[in-house]
Enquirer: 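Starting off with a structure, shown below.
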Amino acid sequence: MIDETVRRIEELRTQSASLVAVDAAEALRDLLDREFRGVEAFDRALERNSRTLRQANRSHAPLYTSQRRILEAVADADPATVDEAKAVLSAAIDGVVERIEASKRAAGEHAAALIEDGDVLLTHENSSTVVTALRHALDEGTAFDLYVTESRPRFLGRRTARQLAGNDRVDVTLIVDSAAGHVLRECDRVLVGMNCLVDDRVYNRVGTYGIAVAAADRGVPVTVVGASSKFVGDAGFTFENTHRPESEVLREPADGFGAANPGYDATPLRLVDAVVTEDGVMGV
């Protein structure tokens, strides 16, 4: 289970930072079914497997913070037996998952309150927290139009479009990434997720920065939605951009030229109107 989760994270089969953190936490349940000679052997296995999960994607702050919380919970409990250690681990996993899901719901509710009936919105890629916000707005009876960038090269935006299609209160239009500036003249707000917030920069799926620059030129507010666990204040975490294979950009081999495929870019907070977390809406 742990090895499969690592592969899934590395291959971006799970791309939302929040969902990655949940998957990684749940993967540690695999240790509950293993036999250990003592608590020290259990602790070594937990640290080793947690480190492997964290290293599967060094750009995800929630993955780092949630794994550290689990490790600290077990260490602080100082269990005397393997059975006690397993019970603490199971409870810690439950707590982390519940906290992530609760934060996502609360952040989504706060962001949904910013959406007005009849708004035209633009979103980029496939943020599970943004989707939660949009679904909450729809459940509250708010109607809006939504542009979704396809988010090459993994086409993550197509997932967002499919998740929201079929609701009578939303008109979803999928666009190529380079069309974002064109449609922004019709938009009332941009909603994007975040991978993490470091100092005065929001790191999110590549393309976010260009959309924010175009939105600033058009006078369209950009709202970033995500859990507060994505705020990086822990010196143990260092953001490392993910550079994906050239084959995702080109089907045929590059002949005489290279192909760059960065996973994320950095958007200065000066281009952001508000950051929304489970704690509420924060103007910046």
Enquirer: Begin with the C-alpha distance, continue with both residues' side-chain angles, and end with the deciding distance and a verdict on side chain to side chain contact (heavy atoms under 4.5 Å, CB included) for Leu134 and Leu121.
Expert: CA-CA 10 Å; Leu134 296 172; Leu121 308 173; 3.8 Å; yes

Enquirer: Strictly by modelled atom types, are Asn57 and Ser59 linked by a side-chain donor-acceptor pair under 3.5 Å?
Expert: yes

Enquirer: What residue pairs, at least two apart or across chains, pass ring-ring contact (aromatic ring centres under 6.0 Å, His included) with a residue in residues 161-210?
Expert: Tyr203-Phe239

Enquirer: Check salt bridge (charged side-chain N to carboxylate O under 4.0 Å, His left out) between Glu47 and all other residues, then give those that pass, not counting sequence neighbours.
Expert: Arg51, Arg54

Enquirer: Within the distance-only criterion (no hydrogens, no angle test), does the side chain of Ser90 pair as donor or acceptor with the backbone N or O of Lys86 below 3.5 angstrom?
Expert: no

Enquirer: Only pairs under 3.5 Å count here: list side-chain donor-acceptor contacts from residues 107-117, not counting sequence neighbours, and write none if there are none.
Expert:
unit_1, atom_1, unit_2, atom_2, d
His110, NE2, Glu278, O, 3.2
Asp117, OD1, Ala143, N, 2.7

Enquirer: Going hydrophobic residue to hydrophobic residue with side-chain gaps under 4.5 angstrom, can you get from Leu19 over to Val131?
Expert: no

Enquirer: Apply side chain to side chain contact (heavy atoms under 4.5 Å, CB included) to residues Thr129 and Ser18 and explain how you reach the verdict.
Expert: CA-CA 8 Å; Thr129 312; Ser18 297; 4.0 Å; yes

Enquirer: Yes or no on side chain to side chain contact (heavy atoms under 4.5 Å, CB included) for Glu26 and Asp23, after CA distance, side-chain angles and deciding distance?
Expert: CA-CA 5 Å; Glu26 293 287 3; Asp23 278 0; 5.7 Å; no

Enquirer: Give me each pair satisfying salt bridge (Lys or Arg N to Asp or Glu O under 4.0 Å) with a member in residues 33-43, each pair once, sequence neighbours excluded.
Expert: Asp30-Arg34

Enquirer: Roughly how far, to the nearest 0.5 Å, is the CZ atom of Arg152 from the OG atom of Ser178?
Expert: 10.0 Å

Enquirer: Measure the CG-OG1 distance between Asp3 and Thr52 for me, rounded to the nearest 0.5 Å.
Expert: 8.0 Å

Enquirer: Mind checking whether Val276 and Val272 sit in one hydrophobic cluster, side chains of I, L, V, M, F, W, Y counted as touching below 4.5 Å?
Expert: no

Enquirer: What distance do Ser128 atom OG and Lys104 atom NZ have between them, rounded to the nearest 0.5 Å?
Expert: 3.5 Å

Enquirer: Which atom pair, heavy atoms only, marks the closest approach of Ile9 to Ala56?
Expert: CG2-CB, 3.8 Å

Enquirer: Cluster question for you: counting only ILVMFWY and a side-chain heavy-atom cut-off of under 4.5 Å, with indirect links fine, are Leu184 and Leu191 together?
Expert: no

Enquirer: Taking atom CZ of Arg69 as the centre, does the number of heavy atoms from other residues, nucleotides or ligands within less than 6.0 Å exceed 12?
Expert: yes

Enquirer: With the side chain counted from C-beta on, respond yes when Thr277 and Met282 share a heavy-atom pair under 4.5 Å apart, and no when they do not.
Expert: yes

Enquirer: Side-chain contact, heavy-atom cut-off 4.5 Å: Thr5 with Leu53?
Expert: yes

Enquirer: For residues 161-172, please give each side-chain donor-acceptor pair under 3.5 Å, one per line with the distance, not counting sequence neighbours.
Expert:
unit_1, atom_1, unit_2, atom_2, d
Gln163, OE1, Asn126, ND2, 3.1
Asn167, OD1, Arg169, N, 2.9
Arg169, NE, Leu138, O, 3.0
Arg169, NH2, Leu138, O, 2.7

Enquirer: I want to check something: taking the side chain as every heavy atom from C-beta on, are Asp145 and Thr173 in contact at a cut-off of under 4.5 Å?
Expert: no

Enquirer: Could you tell me which residues satisfy side chain to side chain donor-acceptor pair (under 3.5 Å) with Ser151, sequence neighbours excluded, listed by chain and number?
Expert: Thr149

Enquirer: Are Arg244 and Pro153 close enough that some pair of their side-chain heavy atoms sits under 4.5 Å apart?
Expert: no

Enquirer: For the atom pair CG (Asn195) and OG (Ser127), what is the distance rounded to the nearest 0.5 Å?
Expert: 10.0 Å

Enquirer: Within the distance-only criterion (no hydrogens, no angle test), does the side chain of Lys230 pair as donor or acceptor with the backbone N or O of Ala61 below 3.5 angstrom?
Expert: no

Enquirer: Are Val176 and Leu146 connected, step by step, through hydrophobic side chains (Ile, Leu, Val, Met, Phe, Trp, Tyr) whose heavy atoms are closer than 4.5 Å?
Expert: no

Enquirer: Between Leu31 and Leu89, is there a side-chain heavy-atom distance shorter than 4.5 Å?
Expert: yes

Enquirer: So do Thr208 and Val202 actually touch side chain to side chain, heavy atoms under 4.5 Å?
Expert: no

Enquirer: Using the test ring pair (Phe, Tyr, Trp, His ring centres under 6.0 Å), find all partners of Phe36 that sit at least two apart in sequence or belong to another chain.
Expert: Phe42

Enquirer: Under the 3.5 angstrom rule, does the side chain of Thr160 hit a backbone N or O of Glu125 as a donor-acceptor pair?
Expert: yes

Enquirer: Looking at every heavy atom in both Val206 and Pro262, which two are closest together, and how far apart are they?
Expert: CG1-O, 3.3 Å

Enquirer: Among pairs that include at least one residue of residues 124-178, which meet ring-ring contact (aromatic ring centres under 6.0 Å, His included), considering only residues two or more places apart or in two chains?
Expert: none

Enquirer: Check whether any side-chain heavy atom of Val183 sits under 4.5 Å from a side-chain heavy atom of Ile175, and report yes or no.
Expert: yes

Enquirer: Assess, by modelled atom type and distance only, whether the side chains of Asn261 and His243 contain a donor and an acceptor separated by less than 3.5 Å.
Expert: no

Enquirer: Taking a hydrophobic cluster as the set of Ile, Leu, Val, Met, Phe, Trp and Tyr residues connected by side-chain heavy atoms closer than 4.5 Å, whether directly or through intermediates, do Val6 and Ile93 fall within one such cluster?
Expert: yes

Enquirer: Side chains of Val275 and Leu269: does their closest heavy-atom pair fall under 4.5 Å?
Expert: yes

Enquirer: Indicate every side-chain donor-acceptor pair of residues 211-223 with a distance under 3.5 Å to a residue at least two apart or in another chain.
Expert:
unit_1, atom_1, unit_2, atom_2, d
Thr223, OG1, Arg189, NH1, 2.7

Enquirer: For Ser66, check side-chain contact (heavy atoms from CB on, under 4.5 Å) against everything at least two apart and list the hits.
Expert: Ala21, Val96, Ile100

Enquirer: Looking at every non-hydrogen atom in both residues, tell me the closest pair between Gly207 and Asp265 and how far apart they are.
Expert: N-OD2, 2.8 Å

Enquirer: Which atoms form the tightest heavy-atom contact between Val192 and Val130, and what is the distance?
Expert: C-CG2, 3.5 Å

Enquirer: With sequence neighbours left out, what residues match Asp139 under salt bridge (charged side-chain N to carboxylate O under 4.0 Å, His left out)?
Expert: none

Enquirer: Identify, with sequence neighbours excluded, every residue that meets salt bridge (charged side-chain N to carboxylate O under 4.0 Å, His left out) alongside Glu240.
Expert: Arg58

Enquirer: To the nearest 0.5 Å, what is the distance between CZ on Arg158 and CG on Leu174?
Expert: 7.0 Å

Enquirer: Could you walk me through whether Leu28 and Gln67 pass the side chain to side chain contact (heavy atoms under 4.5 Å, CB included) check?
Expert: CA-CA 9 Å; Leu28 290 176; Gln67 288 291 311; 3.3 Å; yes

Enquirer: Checking the side chain of Glu101 only, and the main-chain atoms of Val97 only, is there a donor and an acceptor separated by less than 3.5 Å?
Expert: no

Enquirer: Is there a donor-acceptor pair under 3.5 Å between the side chain of Thr123 and the backbone N or O of Val148?
Expert: no

Enquirer: Please report the shortest heavy-atom distance between Ala274 and Val281, naming the atom on each side.
Expert: CB-CG1, 3.9 Å

Enquirer: Is a donor on one side and an acceptor on the other found under 3.5 Å between the side chain of Asp188 and the backbone of Val120?
Expert: yes

Enquirer: Verify, without hydrogens or angle tests, whether Ser50 (side chain) and Leu46 (backbone) share a donor-acceptor contact under 3.5 angstrom.
Expert: no

Enquirer: Compare every heavy atom of Ala27 with every heavy atom of Ile2, then report the nearest pair and how far apart it is.
Expert: CG1-O, 3.2 Å

